[in-house]
Structure formats: structure tokens, C-alpha cells
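In the text below, chain A, chain B and the rest are named by the order of the sequence lines, each starting its count at 1.
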Amino acid sequence: MADRRLPPVARRVALAAILAAGRVHAAGAAPALGQVAAPASGPTGLLAAVMARLATMRASRARFTEQKTLAALTLPLSSSGHLAYRRPDRLEKITDWPRPEVLLVRDHALSLSIDGGPPETLDLDARPEIGALVEAILGTLAGDLPGLRRWYHVAAAGAPDGWHLTLTPRTDALARLVRRVTIDGADDGTGARIDRITTEAANGDRTVMTIRPAR
Amino acid sequence: MKPRATPILLALLAALAFTGTVLATSRIRTDMTSLLPRARTPAARFMLRELQVGAANRLVLIGLDGAAPDRLAALSRALTARLAASGAFTLVRNGEGSLSGAADERFLFAHRYLLSPATTGAAFTTAALRQDLRRLLAGLQSSAAPLVERFGLADPPGAALALARIWTGPSRIGLRDGVWFAADRRAGRPGDRPRALILAETRTGGMDLAAGADAIAAIRTGFAALTPPGAPSGVKLRLGGTAVLSTAAERAVRADVTRLSILSALIVAGLLVWRFRSPLVIAAIGIPVVLGIGVAALLVRVVTGGVQGMALGFGMTMLGVSVDYPVLLIGHRKRGEAPPATLRRIGRAFALAVATALLGLSGMAFAGFPAIAQLGLFAIAGLGAAALATWKLLSPLVVAADLAPVAFGDPALVARLEPWRRLRPVGIAVTVLAMGFLVVRGGPRYATDLAALSPVPRGTLAVDAALRAEIGAPDAGQLGLVEGPSAEAVLRAEEALAPVLDALRARGAIGGVEDAARLLPSMATQRARQAALPAAAVLARRLDAAATGLGFRSEAFAAFRADVARTRHMAPLGPGDLTDPALAARLAPFLFRRDGPRGGPGGGRWYGLIAPSGVTDPALVGAKLRAAGVLYVDVAAETARIVTQSTASALHAMAWGGVAALVVLLIGLRSWRQVAVVAGSVLAALAIALAVLTAFHVQISLLQIVALQFAAGVGLDYALFFARRQLDAEERARTLRTLLTCNAMTLLTFGLLATAATPLLRQIGLTVVIGAGAAMMTAFLFAGPMPGRATTKDPA
């Protein structure tokens, strides 16, 4: 029998997370992304470089706006709020509008509190497919390529100053939930940042989260 | 003349051959059901029947802990595959396949409008639907959108949610890495060690020891194969369930009995060698004992068709008492006396001792426990055969072997020990004190639960209890039982009970209740729900009205409309339709079928179990349920009643046996005074033993009563031999020495039993030691002649 502390269905986190906004000053001088990317050519080199840059980020805060286009609704839904990330696996999404909500992912568990109500929790180890969706974001933020590759095929395109990561599911169970996750970002010399996350669900839903630096 | 060894050795070999054949060809039954008492009330009958064949009875609970969760999960999967392939189990479940979209969840979801209490006419009105849709919209807005999309759109009234809560119920199993883990012990909470859980169901009831042992062996072998000893993984295997407990009980007792039998045989042999100094004599003494065992096993086999393993174990220990008879004969031989003459001399005391001991034991046959009855039969046959063999076989053998008598008629011993008899008044005082103590205490305290009789080691019980709690197995102290000719009848009866149970809950008499009708409503209820569902066109219209302005596409509710339409034409579900093993296993304890008595025509009856939890007022619950026509079983009270009834009938039987023994004594001794002395010393010994036991807060259970009967038996031996009249000093010395030897043997062997690991055997050993010790003292003090009063005339 499945864990019944939540309604008997998974809560998908991926659409609700991440991001680093501002510049994070990495300890120790890290070479500019351009220099790292120079010797390698093509997507593999780019992927490694992007991951390396992302891995240097310790913590970050950002603002987000999210737009959901659901197959069931005629009009898209919007929301906005703040994000906070701390290495290696703590992520907080605080929605201010239209309805207050706090979503916290930490240490293999997810908790969601809507409208100031009591938080509902979900053990991500018990629901691996949800864990996989969380991993898409957290893994990218942490620059953890092996972790991402457990669940997804990862491809990189573009250039260091404007790259796109495409994640496609490896397992059938995951493919039933999500079709593709696209992460757009850029490096601005002092650190990598993620600008947009687009999630396309298997049933045609599309969620775009646009991220801007805090302040 | 040098003794000739051949006749004795031949006879011993023959006896061993006979007994060996009997034991080797006997079917040793390992079915523990014969250890259960006979039931006298319907409630007791039901309870005991469930103990034998109930579904919960066949479960083996397996826990794996001691490593990281992913390692445990992998081990769980591998072990489950192995056990499923082994063929020893009908079902092995570890939660695999329970990922989202699992078979049981899908089934429940597909039939949610039939099964869920949320399906009412009011839930499908436009107003209710509009509220549901508003809620859905808010959900889609939130981060929980995917969940809501998947299940909310197809089920706006939330029937699946209500259903899932009922079906999950008290189960505390969680899922991790695709397999079951104990929900309270998932890693992440400090101090919690994760434990993977596997449920296996054996083919036969847990009371069948052989099958249970096979199943457990399969589990252990599988586990050992997966965790090679080379790599120290630290993973531990925990087992629980009825089969495990029964096997543990049997193994504990058998280990003890084997070890102690060997040790006590060695001690007895050693003592006899020291006393008689001749291995041939030991061999001669062994003949009646071995024959006794063989005859006892044969008789029990003839009467009951097989020998119950535990009864055999106990019987062998208790037949140690039968060594007394040949020792009495050989120990009383005078120098130059032929055995037949010895027999004539001690004959009356010997015959009386045997007769009264057997009469006393006959009470066990009526104790109400088939196993105790078998034990009684075994003991009676064994002691009787040993006595007869001593009488008829041993003396010609001793003559044929030309064994010199061991002349220990040394009067010096008498002169040394007999003066202690002056302490007779002290003995009387102690007896009176003991009786007074018992009266003040209101008599001995009787045991009221079967736990005293359980030889299962405490550690095994603790692991079993922990696993049961984690799996959420129903462990109700109170049960209601509804009976009917069909499942539908039972479910309807349970639904009719709902107001009664709700009232009890409102009064706080019960906290909650689980029964089959909550899980699977009757077909009548399902049909009513179908009728409450609106027709397709009506639902479409209401949905459109409810969704105006909210922004839903009309196709969003296609699945919902289709499911409702499908449900309206579904065939109602019966228990046989729940084919998914997890669902069937959830329902099985609450709704089941039992064959009719003696497989009568018309098949069996259906039973529904009602399990209240958090019961604060059992009497009220019992009264209300009985008034509604439900059979009410208060498990603890019922168990206590069974134990008390059995103890009472054992006491009654013992009393009647005692009366019969008294009559035999009268006939045999022909003297009121002697009867009074003999009976008095035995009763005094019993009183002292009971007082000692009560003083140490030992509860008197069936075991103590059986043990005290044995002690009384040996006490009669002592008293009768001491009470013989007109003995010269030599004869009295021989008697004293022989009885001291017998007493030493009894105290040593049962004292050894008192060091057993299982509490069951420890209690028997302790009680017999106290009883036999007291009996020797009282027989010596009261039954023998005072020094200076004995005549020196040699009785011819």
C-alpha cells in the first residue's frame, strides 16, 4: 500500500523550482566560462563546462513568474514569487500571487503548504518518479551530471553565453509523466545562471518558469 | 558365584529393540492443535478454530534491517523472487508493483463510484459539482497541479480519496524504492533504522509444525544464499507469525528436553553406579524403564493414532520416576535372598504404591486438554508397564543372572538417621503453618492466561509483536462475529449494524471500528449507488452549468463522464471479484467462508468479523452487539475462561483420583490408622509445596497441578514404604537407603529440569522438586515408626 499522508497521487515538484539569480562569487578564482569552453568544441564540451560552472554555485535567491498552459483549461494560469536554493539539495519556492504557498524540498522530502495550511509531506524516495522530476532541477543547480543521467538523457546546445539543456526521460514510468524539460541559461562571467525552465508534460501541459535575479 | 551377564544383557537388548521399533515406526505428530483445549462455548469454538485455520494464522512476517535502505530494497526483491519460486508459499508480497498506477490502486480507482461512501445523490448536484470544480481550479493553480490533473479531473466529488482512506486503514506500511518498508522506521528520523517488510502466506495453518518449519527453513536458506557469510553486510533477518512462534516453541522445548534427558540419564546412571557398584545391576534396572517407554508409546499410538511430539518429550522426562520401581526391588534384597522372597516382603507396599500412583494420574485424562490427556495416558502406561516388568520380569532375570544382592542393611544408618524423627512435632507445626498461610492468602492464585503455558522465548515474541504492529495486522482484544449463508447476507447484516456502532462511537465506548462492509459494501448498497448516479446527458448538463466561467475545457471531464456512465452499468462487486492479492488480503480477515461442521451438505457459512478499536467499555459493547444478534468474543476474557475451566476440571479429576486412591489404600492397608498416616503425610507435603509456591507468587496453572500430581505419586511411594510395620533395623535401613536413592534421583532429574531455558519446563521442574522434597520429609517424619518403638521381630 502506498504512503497515504498525501492524496494518493504524486505531487510534481519540478515545475516548482529553482534557480539561482544573481551573481555568486565562487570561492577561489574560477576561470571565465569562455576560457573553459574554448578548448572543447561541440555539445559535450559545452555540457561539461556548464555543469562545472553550475557546480560552483553555493546558494542563490531569485524571483520567478510561472505560466502554466494546461490541457484541461482554456486559459493559462500564472503565478509569481521567490525562489531560494542552497547547496546541495535544499530548494524553496514561495509563491506570493495569486495564492500564497510554500514548497520546500530538502533532504529527500518534499513539503507543500497552501494558503498557510498545515504542510503535507511526501517522501521522495517512496515516489521515485517525483524524485526524478525534482532531480531535474536540483541536479542542474548542483551541476551533478551523473545524478541527472540516472533519470534523463542530457543534451546541451548553444554557447557559453546562452546555453540550453534538454532533458528527456530514460524510463517508461517517467516518460508517462513528462516529455521533456528544457533549461535555458547563460554564463555572465562570474557564475552560471538559469533563466528559464520549460517543462512539457506527457499529456500536453506546458509550464514555463521565468527567473530573474532577486532585487 | 560370578554373575552371568547374558540373560540380563539379552533382555536389555530385547527391550531396547522393542522400544526402538515402536518409536521409529510411530508417527510423531507435530500438529500443535491437540495442545488446544476443547471448546465449550460458540465463542471459544470460533476463537480456537481461527487459531487453527484462520487466514492471519498462515502469515509469515519477514523483516530485513541493518543496512542502507537501497540495499535492503534490493535484498527484499531478490528474497521475494526466491520465495515465490520455492513453492512453499501461496503468496509472497513485498509491495512490488505498488508504484503509482499499481494494480490494486487502479482497481479501486476504476470502481470508486461503486465502493466509495462519497457516492450519493447530493454529490452530483450542480451546486456540489460547482464547489468541487472551484476546488479543482485552486488545486491546478497550486504546485500540486499534476496530482490534481491526474485524479481530480476524473473525480471531482473525490470518491477515490475517501475510498483510499478506508482501504489503507491502520496499515503502517510505507513504500520506498518500490518495496514495502515499515512506515515509522524510514531513515531520516534520528534513531530509526529502516526495515523492509515481506509478507508470505504458507499453504497450511501455522499450527502445523512440520510445514511451518519447512517454510521457515526456505526463508532462512534463501536469505543465507543472498547474504554470503564472506561479505559482512550486517543485514538481519527477523521473522514473525504463528508458524514462527509454534516452531520456536517446539524447538525450545525439544532442545531443552533433549539436553536434559541426556544429562539426567547420565546423573541417574552415575548415582546408581555409586549406589550399586555393578554395571549389570544398572542394566537390569534399565530393562523395566526402557520397556515402560516402549509400551507407553505403543498404547498411545494405538489409542490416538500417533504420538504428539511434545507429549513424548514430557513423557520421557516423567518416566524417570519409573526408575524407582526396579530400584525398590533391588535395593530391598537381603543377603542370600532370592528376589521372589523380596517381592513377597515388599509386595504390598509396592503394589499399593503403583496402584495409587496410577489412579492419581488417571485424573489427567479428564483435564480437557487433549495433549494433557495423552500425557496422562503415556505416563500411566509407562509406569504401569515398568512396575509390571519389575514384578514379573526382573526377579527371574536376577535369579537367572545370579546377581548377588547388594546388602545395605546396615543398622548403623538407622541408628544415625531415625532419631531425626523426633522432629515430628516440628513437621506437624510446619504443616499447620503452611495450611494456615494458604487459608490466610485465600488459597493459591490460579493462572488465567495461556502465556504461562507458552514456551516461546521472549525475544521471539517481541520481534513478532513488532512486525505485526508494523504491518498493521488486526490484533483486536474484542471481536464481533456475524454469520450468514452468503457473503451478501453478512454484508447486509453488518450495514444494518452501522447505527449501533455509530452510537457506541458517539458515546465514546469505542474509538473506531473496522469491518468488511466498510471495505466492500453489499451489492444492495452498490446498486443503490448506481441508481444515484446521474445519466450521461444529465451529468453533462450539470457539469456544463457548474463549469461556466471557470475556464475548463469540456473535454477536461471526458474521463469523469465516461467513468460515471460505465459505473452505472457495472455488475456489483462481490468478494470473489477482488482478485488483486493486496486487496483480497486486506478484506480476507474481515470476510471469510468456513466449511460446515463435518463437511455437511449445503456447504459452509460466511462470517464477518467486526473489529472495534480503542474499546473503553467492553461490557457495553458486548451487550449492544449481542442484542443485535452478533456473537461477541472478548478474546482475553475467553482465554481466561478456557484456562480456568481446564484448571478446574483438572483439579476435579485430581480430587476424584485422590478419593479412588484413598479407597485402594483402605483396602490394601486394612487399617484406618495407617491410611491416615500415609494419606496425611502426602497431603501435608502438598500443603507445604502449595504454600511455598504461593509465597513466591507462582501462579498455579495446569502445569503445577500436573507436577504436584507426580510429586504426590512419589510421596505415596515413600509413605507406604516407611509405614510398613514390624520391620527389623536391617530392613528399615534398606528402606531408608533405597528411598533416599529414589528421592535423590527424582530431585536431581527434576532439579535439572528446573534449569531449563523454557519457563514451561522450569516450572514443572521446580514444582516437582519442592513437592518431592517436602514429600520425603513428611513421609520420613510422619509415616515411619518412632525410634525405640519399632519391633525387632523379623516379619516372615
Side-chain angles (χ1 to χ4, degrees), chain A residues 1-17 66 68 70-79 81 93 95 97-103 106-110 112-115 120 122-131 133 173 176-178 199 201-203 205 207, chain B residues 69-70 73 95 98-102 104-105 108-109 136-153 158 160-161 163-165 167-169 171-181 183 186-188 194 472 550-559 582-583 586:
Chain A
M1 301 288 174
D3 177 28
R4 299 291 182 191
R5 278 182 286 179
L6 280 183
V9 193
R11 291 184 189 235
R12 202 175 73 192
V13 168
L15 300 189
E66 186 177 62
K68 285 194 268 207
L70 300 178
L73 296 175
T74 50
L75 292 170
L77 299 169
S78 297
S79 60
K93 174 191 178 199
T95 311
W97 179 88
R99 200 165 281 106
E101 192 189 277
V102 177
L103 180 84
R106 175 184 52 185
D107 201 21
H108 298 268
L110 180 161
L112 174 63
S113 157
I114 301 180
D115 253 337
E120 304 247 20
L122 171 69
D123 184 346
L124 292 176
D125 287 321
R127 289 288 193 179
E129 66 278 12
I130 311 308
L133 290 168
R176 266 184 245 127
L177 273 181
V178 64
T199 310
N203 64 353
D205 294 347
T207 309
Chain B
D70 48 353
S98 297
L99 279 175
S100 48
D104 50 346
E105 286 178 12
L108 286 181
F109 193 76
L136 277 184
L137 192 58
L140 289 174
Q141 185 79 275
S142 77
S143 300
L147 268 187
V148 174
E149 269 190 295
R150 205 144 147 221
F151 291 90
L153 290 177
L161 195 56
L163 192 59
R165 274 199 213 106
W167 272 84
T168 319
S171 167
R172 304 220 305 264
I173 297 184
L175 211 60
R176 186 198 197 108
D177 237 335
V179 297
W180 283 335
F181 271 76
R186 274 194 293 248
L550 291 178
F552 284 101
R553 277 192 229 271
S554 45
E555 310 87 74
F557 301 110
L583 297 178
R586 176 94 170 93

Contacting region of A:Asp115 [heavy-atom separation from chain B under 4.5 Å]:
neither

Does A:Ser78 have any side chain to side chain contact (heavy atoms under 4.5 Å, CB included) partners at least two apart in sequence or in another chain, and if so, which?
A:Gln67, A:Trp97

Sub-3.5 Å donor-acceptor pair from the side chain of A:Lys68 to the main-chain atoms of B:Leu140, do we have one?
yes

Shortest non-hydrogen contact between B:Arg553 and A:Thr74, atoms and distance:
CG-CG2, 3.6 Å

Using non-hydrogen atoms and a 4.5 Å limit, figure out which bit of B:Gln141 sits close to chain A: side chain, backbone, both or neither.
both

Which distance, rounded to the nearest 0.5 Å, do you find between the CG of A:Leu112 and the OG of B:Ser142?
6.0 Å

Options A:Leu75, A:Asn203, A:Leu73, ranked by heavy-atom pairs under 4.5 Å with chain B, top entry:
A:Leu73

